Amino acid sequence: IRIVALHAAALFGRPAVPFVARGLSDPRREVRVQAAQVLQDFGPEAEAATPALIEALADPDEDVRWKAADALVRIGRPAVPALAGALGPGDREVRRRAALALGTIGAEAAGARADLARLLEDPAPDVRVAAAVACCRCGGASEPAVRCLLDLLARPDPEVRSGAARGLGEIGPPAVGAAAALGAILDDEAEPEAVRVEAALALGGIGSPEGGAVESLRKALGGPGALPWAAARGLGGICPAASTAARELGLLLSSPDPET
(Lines give C-alpha, C1' and ligand atoms only; values in the text may rest on other atoms or scores of the structure.)
Protein backbone atom coordinates (compact mmCIF):
# COMPACT_ATOMS: atom_id res chain seq x y z
CA ILE A 1 0.00 0.00 0.00
CA ARG A 2 2.84 2.40 0.89
CA ILE A 3 4.46 1.86 -2.51
CA VAL A 4 1.15 2.52 -4.28
CA ALA A 5 0.77 5.70 -2.21
CA LEU A 6 4.26 6.83 -3.23
CA HIS A 7 3.41 6.21 -6.88
CA ALA A 8 0.30 8.36 -6.46
CA ALA A 9 2.24 11.06 -4.61
CA ALA A 10 4.47 11.46 -7.63
CA LEU A 11 1.51 13.10 -9.39
CA PHE A 12 1.25 15.92 -6.84
CA GLY A 13 4.77 17.35 -7.03
CA ARG A 14 6.08 19.73 -4.34
CA PRO A 15 3.15 19.37 -1.87
CA ALA A 16 3.85 15.63 -1.63
CA VAL A 17 7.56 16.00 -0.83
CA PRO A 18 7.26 15.73 3.00
CA PHE A 19 5.16 12.57 2.69
CA VAL A 20 7.56 10.99 0.21
CA ALA A 21 10.60 11.95 2.29
CA ARG A 22 9.22 10.00 5.25
CA GLY A 23 9.42 6.90 3.06
CA LEU A 24 13.21 7.13 3.16
CA SER A 25 13.16 5.96 6.79
CA ASP A 26 10.77 3.05 6.20
CA PRO A 27 12.17 -0.30 7.42
CA ARG A 28 11.26 -1.94 4.10
CA ARG A 29 13.90 -1.65 1.41
CA GLU A 30 11.41 -1.54 -1.47
CA VAL A 31 9.62 1.44 0.09
CA ARG A 32 12.88 3.36 0.59
CA VAL A 33 13.92 2.67 -3.00
CA GLN A 34 10.58 3.92 -4.30
CA ALA A 35 10.70 7.03 -2.11
CA ALA A 36 14.21 7.85 -3.33
CA GLN A 37 13.09 7.30 -6.93
CA VAL A 38 10.12 9.66 -6.59
CA LEU A 39 12.29 12.37 -5.02
CA GLN A 40 14.84 11.83 -7.78
CA ASP A 41 12.08 12.38 -10.34
CA PHE A 42 10.88 15.54 -8.56
CA GLY A 43 14.19 17.24 -9.29
CA PRO A 44 14.50 20.77 -7.81
CA GLU A 45 11.00 20.47 -6.34
CA ALA A 46 12.40 17.99 -3.78
CA GLU A 47 14.43 20.69 -2.00
CA ALA A 48 12.47 20.29 1.25
CA ALA A 49 13.61 16.65 1.40
CA THR A 50 17.32 17.58 1.45
CA PRO A 51 17.92 16.62 5.12
CA ALA A 52 16.25 13.23 4.63
CA LEU A 53 18.20 12.64 1.43
CA ILE A 54 21.48 13.43 3.21
CA GLU A 55 20.63 10.78 5.81
CA ALA A 56 19.77 8.34 3.01
CA LEU A 57 23.36 8.56 1.75
CA ALA A 58 24.14 6.14 4.60
CA ASP A 59 21.32 3.74 3.74
CA PRO A 60 22.39 0.06 3.80
CA ASP A 61 20.97 -0.40 0.29
CA GLU A 62 23.09 0.78 -2.64
CA ASP A 63 20.08 1.61 -4.84
CA VAL A 64 18.72 3.96 -2.16
CA ARG A 65 22.13 5.60 -1.72
CA TRP A 66 22.61 6.24 -5.43
CA LYS A 67 19.07 7.52 -5.97
CA ALA A 68 19.37 9.81 -2.94
CA ALA A 69 22.68 11.19 -4.22
CA ASP A 70 21.22 11.79 -7.68
CA ALA A 71 18.16 13.48 -6.15
CA LEU A 72 20.51 15.88 -4.32
CA VAL A 73 22.37 16.56 -7.57
CA ARG A 74 19.07 17.38 -9.28
CA ILE A 75 18.13 19.77 -6.47
CA GLY A 76 21.43 21.50 -7.27
CA ARG A 77 22.60 24.72 -5.60
CA PRO A 78 20.04 24.66 -2.73
CA ALA A 79 21.43 21.28 -1.62
CA VAL A 80 25.06 22.47 -1.53
CA PRO A 81 25.15 23.67 2.11
CA ALA A 82 23.72 20.38 3.36
CA LEU A 83 26.12 18.37 1.20
CA ALA A 84 29.06 20.45 2.45
CA GLY A 85 27.93 19.76 5.99
CA ALA A 86 27.91 16.04 5.24
CA LEU A 87 31.65 16.19 4.47
CA GLY A 88 32.50 16.44 8.17
CA PRO A 89 33.43 13.65 10.61
CA GLY A 90 31.12 10.69 10.58
CA ASP A 91 30.21 8.01 8.09
CA ARG A 92 32.92 7.51 5.43
CA GLU A 93 30.38 6.52 2.78
CA VAL A 94 28.33 9.66 3.42
CA ARG A 95 31.45 11.83 2.97
CA ARG A 96 32.35 10.06 -0.26
CA ARG A 97 28.89 10.27 -1.78
CA ALA A 98 28.45 13.88 -0.70
CA ALA A 99 31.75 14.75 -2.40
CA LEU A 100 30.69 12.91 -5.55
CA ALA A 101 27.39 14.78 -5.59
CA LEU A 102 29.11 18.15 -5.17
CA GLY A 103 31.47 17.31 -8.02
CA THR A 104 28.52 16.45 -10.25
CA ILE A 105 26.77 19.71 -9.36
CA GLY A 106 29.96 21.42 -10.48
CA ALA A 107 30.43 25.18 -10.60
CA GLU A 108 27.21 25.82 -8.66
CA ALA A 109 28.85 24.03 -5.70
CA ALA A 110 31.79 26.45 -5.60
CA GLY A 111 30.83 27.39 -2.04
CA ALA A 112 31.91 23.91 -0.89
CA ARG A 113 35.46 24.15 -2.26
CA ALA A 114 37.08 24.79 1.14
CA ASP A 115 35.27 21.83 2.69
CA LEU A 116 36.31 19.60 -0.21
CA ALA A 117 39.92 20.77 0.04
CA ARG A 118 40.02 19.63 3.67
CA LEU A 119 38.99 16.16 2.53
CA LEU A 120 42.19 15.84 0.49
CA GLU A 121 43.72 14.76 3.82
CA ASP A 122 40.92 12.30 4.67
CA PRO A 123 42.14 8.96 6.05
CA ALA A 124 39.96 7.04 3.56
CA PRO A 125 41.58 6.87 0.08
CA ASP A 126 38.28 6.63 -1.79
CA VAL A 127 37.04 9.78 -0.03
CA ARG A 128 40.24 11.59 -1.04
CA VAL A 129 39.74 10.55 -4.68
CA ALA A 130 36.14 11.78 -4.69
CA ALA A 131 37.18 15.05 -3.04
CA ALA A 132 40.04 15.64 -5.48
CA VAL A 133 37.80 15.23 -8.53
CA ALA A 134 35.05 17.34 -6.93
CA CYS A 135 37.50 20.14 -6.08
CA CYS A 136 38.43 20.50 -9.73
CA ARG A 137 34.86 20.24 -11.01
CA CYS A 138 33.76 22.94 -8.57
CA GLY A 139 36.39 25.30 -9.92
CA GLY A 140 39.05 24.81 -7.25
CA ALA A 141 42.79 24.75 -7.83
CA SER A 142 43.86 21.55 -9.58
CA GLU A 143 47.41 21.32 -8.20
CA PRO A 144 46.53 20.14 -4.66
CA ALA A 145 44.01 17.65 -6.06
CA VAL A 146 46.53 16.20 -8.52
CA ARG A 147 49.20 15.97 -5.80
CA CYS A 148 46.74 14.09 -3.61
CA LEU A 149 46.00 11.56 -6.35
CA LEU A 150 49.67 11.16 -7.25
CA ASP A 151 50.32 10.24 -3.64
CA LEU A 152 47.58 7.61 -3.79
CA LEU A 153 48.95 6.37 -7.12
CA ALA A 154 52.12 5.31 -5.27
CA ARG A 155 50.27 3.33 -2.58
CA PRO A 156 50.76 -0.47 -2.43
CA ASP A 157 47.03 -1.29 -2.57
CA PRO A 158 46.01 -1.95 -6.23
CA GLU A 159 42.44 -0.78 -5.58
CA VAL A 160 43.72 2.53 -4.25
CA ARG A 161 45.99 2.96 -7.29
CA SER A 162 43.10 2.12 -9.63
CA GLY A 163 40.89 4.70 -7.95
CA ALA A 164 43.62 7.35 -8.09
CA ALA A 165 44.20 6.72 -11.80
CA ARG A 166 40.47 6.90 -12.47
CA GLY A 167 40.30 10.18 -10.58
CA LEU A 168 43.14 11.69 -12.60
CA GLY A 169 41.34 10.76 -15.80
CA GLU A 170 38.16 12.39 -14.53
CA ILE A 171 40.04 15.61 -13.72
CA GLY A 172 41.20 15.63 -17.35
CA PRO A 173 43.67 18.11 -18.88
CA PRO A 174 44.54 19.84 -15.56
CA ALA A 175 46.08 16.51 -14.48
CA VAL A 176 48.66 16.54 -17.30
CA GLY A 177 51.45 16.57 -14.72
CA ALA A 178 50.49 13.02 -13.80
CA ALA A 179 50.92 11.66 -17.35
CA ALA A 180 54.44 10.32 -16.77
CA ALA A 181 53.42 8.47 -13.59
CA LEU A 182 50.42 6.94 -15.36
CA GLY A 183 52.61 5.94 -18.30
CA ALA A 184 55.04 4.21 -15.93
CA ILE A 185 52.19 2.19 -14.44
CA LEU A 186 50.95 1.26 -17.90
CA ASP A 187 54.46 0.14 -18.92
CA ASP A 188 54.95 -2.01 -15.81
CA GLU A 189 53.95 -5.57 -16.68
CA ALA A 190 54.10 -6.50 -12.99
CA GLU A 191 51.18 -4.17 -12.28
CA PRO A 192 47.74 -5.80 -12.01
CA GLU A 193 45.83 -5.56 -15.27
CA ALA A 194 43.01 -3.58 -13.65
CA VAL A 195 45.42 -0.84 -12.57
CA ARG A 196 47.03 -0.66 -16.02
CA VAL A 197 43.59 -0.43 -17.64
CA GLU A 198 42.67 2.54 -15.45
CA ALA A 199 46.02 4.18 -16.25
CA ALA A 200 45.38 3.81 -19.98
CA LEU A 201 41.90 5.27 -19.72
CA ALA A 202 43.21 8.10 -17.54
CA LEU A 203 45.79 9.07 -20.17
CA GLY A 204 42.96 9.35 -22.66
CA GLY A 205 40.96 11.46 -20.22
CA ILE A 206 43.90 13.82 -19.74
CA GLY A 207 44.21 13.99 -23.53
CA SER A 208 47.86 15.02 -23.80
CA PRO A 209 50.82 13.25 -25.45
CA GLU A 210 53.16 14.52 -22.71
CA GLY A 211 55.12 12.11 -20.56
CA GLY A 212 55.46 9.58 -23.38
CA ALA A 213 51.74 8.79 -23.20
CA VAL A 214 51.38 7.83 -26.86
CA GLU A 215 54.28 5.37 -26.77
CA SER A 216 53.04 3.74 -23.56
CA LEU A 217 49.54 3.38 -25.00
CA ARG A 218 50.88 2.10 -28.32
CA LYS A 219 52.80 -0.67 -26.56
CA ALA A 220 49.76 -1.55 -24.45
CA LEU A 221 47.80 -2.29 -27.64
CA GLY A 222 49.60 -5.63 -27.66
CA GLY A 223 48.95 -6.35 -24.00
CA PRO A 224 46.77 -9.02 -22.40
CA GLY A 225 43.10 -9.00 -21.47
CA ALA A 226 41.33 -5.65 -21.58
CA LEU A 227 44.51 -3.65 -22.13
CA PRO A 228 44.17 -3.35 -25.94
CA TRP A 229 40.65 -1.99 -25.54
CA ALA A 230 41.73 0.49 -22.85
CA ALA A 231 44.80 1.56 -24.83
CA ALA A 232 42.70 2.16 -27.93
CA ARG A 233 40.30 4.28 -25.88
CA GLY A 234 43.24 6.17 -24.42
CA LEU A 235 44.75 6.86 -27.82
CA GLY A 236 41.35 8.05 -29.03
CA GLY A 237 41.43 10.68 -26.31
CA ILE A 238 44.84 11.91 -27.41
CA CYS A 239 44.08 12.20 -31.16
CA PRO A 240 45.50 13.53 -33.44
CA ALA A 241 48.81 13.28 -31.56
CA ALA A 242 48.33 9.50 -31.51
CA SER A 243 48.75 9.12 -35.28
CA THR A 244 52.01 7.20 -34.75
CA ALA A 245 49.90 4.31 -33.43
CA ALA A 246 47.70 4.17 -36.54
CA ARG A 247 49.21 0.89 -37.78
CA GLU A 248 48.67 -0.95 -34.48
CA LEU A 249 45.15 0.43 -34.20
CA GLY A 250 44.42 -0.78 -37.71
CA LEU A 251 45.49 -4.30 -36.78
CA LEU A 252 43.03 -4.25 -33.88
CA LEU A 253 40.17 -3.86 -36.32
CA SER A 254 40.38 -7.63 -36.82
CA SER A 255 40.36 -8.35 -33.07
CA PRO A 256 37.93 -11.10 -32.00
CA ASP A 257 36.82 -8.81 -29.15
CA PRO A 258 34.03 -6.60 -30.60
CA GLU A 259 34.55 -3.92 -27.95
CA THR A 260 38.25 -3.62 -28.86
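These numbers were taken from a predicted model, which means no experiment stands behind them. Hydrogens, waters and symmetry mates are skipped; everything else that's a heavy atom, side chains included, is used.
- Looking at heavy atoms from C-beta onward, Leu57 lies in side-chain contact with Leu72 at the 4.5 angstrom threshold.
- Side-chain contact check for Leu201 versus Trp229: some heavy-atom pair is nearer than 4.5 Å.
- At most 12 heavy atoms of other shown residues, nucleotides or ligands fall within 6.0 angstrom of atom CD in Glu210.
- Legend: side chain to side chain donor-acceptor pair (under 3.5 Å) pairs involving residues 164-183, not counting sequence neighbours, sorted by first then second residue: Arg166-Glu198.
- For Asp70, the side chain to side chain donor-acceptor pair (under 3.5 Å) partners two or more places apart in sequence, or in a different chain, are Gln40, Arg74.
- Within 6.0 Å of the CD atom in Glu159, the count of heavy atoms belonging to other residues, nucleotides or ligands does not exceed 12.
- Both Val129 and Val195 are part of a single hydrophobic cluster, where members link through side-chain heavy atoms under 4.5 Å apart.
- Using a 4.5 Å cut-off on side-chain heavy atoms (C-beta onward), Ile105 and Arg77 make no contact.
- Listed by chain and number, the residues in a salt bridge (Lys or Arg N to Asp or Glu O under 4.0 Å) with Asp63 are Arg29 (sequence neighbours excluded).
- Counting non-hydrogen atoms of neighbouring residues, nucleotides and ligands closer than 6.0 angstrom, the CZ atom of Arg65 exceeds 12 such neighbours.
- Within the 4.5 Å cutoff, no side-chain heavy atoms of Pro125 are placed close to those of Asp157.
- Within the 3.5 Å criterion, the main-chain N or O of Gly90 finds a donor-acceptor partner in the side chain of Arg95.
- For the pair Ala179 and Leu203, the tightest heavy-atom approach, listed with the atom from each and the gap, is O-CD2, 3.7 Å.
- Residues that satisfy the salt bridge (Lys or Arg N to Asp or Glu O under 4.0 Å) test with Glu47, not counting sequence neighbours, are absent from this structure.
- Take Ala154 and apply the side-chain contact (heavy atoms from CB on, under 4.5 Å) test, not counting sequence neighbours, and it matches no residue.
- For the atom pair CG of Leu53 and CD1 of Ile75, the computed distance is 5.0 Å after rounding to the nearest 0.5 Å.
- Distance check: Glu55 CD to Asp91 CG gives 11.5 Å after rounding to the nearest 0.5 Å.
- The shortest side-chain heavy-atom distance between Leu227 and Leu186 falls under the 4.5 Å cut-off.
- Between Arg196 and Glu193 there is no salt bridge, since none of the side-chain N atoms of the basic residue sits less than 4.0 Å from a carboxylate O of the acidic one.
- A salt bridge links Asp59 to Arg32: one of the charged nitrogens lies within less than 4.0 Å of a carboxylate oxygen.
- A salt bridge links Arg161 to Glu191: one of the charged nitrogens lies within less than 4.0 Å of a carboxylate oxygen.
- Taking CG of Leu116 as the start and CG of Leu102 as the end, the distance is 5.5 Å to the nearest 0.5 Å.
- The stretch residues 102-115 participates, sequence neighbours left out, in these side chain to side chain donor-acceptor pair (under 3.5 Å) pairs: Asp115-Arg118.
- Residues satisfying the side-chain contact (heavy atoms from CB on, under 4.5 Å) test with Ala175, not counting sequence neighbours, are Val146, Leu168, Ile171, Ile206.
- Here salt bridge (charged side-chain N to carboxylate O under 4.0 Å, His left out) pairs that include residues 97-106, with residues two or more places apart or in two chains, are Glu93-Arg97.
- How far CD of Gln34 is from NZ of Lys67: 8.5 Å, rounded to the nearest 0.5 Å.
- In terms of the salt bridge (Lys or Arg N to Asp or Glu O under 4.0 Å) criterion, residue partners of Arg92 (sequence neighbours excluded) are, by chain and number, Asp126.
- Pairs of residues two or more places apart, or lying in two chains, that qualify as side chain to side chain donor-acceptor pair (under 3.5 Å) and include a residue from residues 180-190 are Asp187-Ser216.
- Salt-bridge check for Asp151 with Arg155: passed, with a basic side-chain N closer than 4.0 Å to an acidic carboxylate O.
- Partners of Glu143 according to the side chain to side chain donor-acceptor pair (under 3.5 Å) rule, which considers only residues two or more places apart in sequence or in another chain, do not exist here.
- Legend: side chain to side chain donor-acceptor pair (under 3.5 Å) pairs involving residues 176-186, not counting sequence neighbours: none detected.
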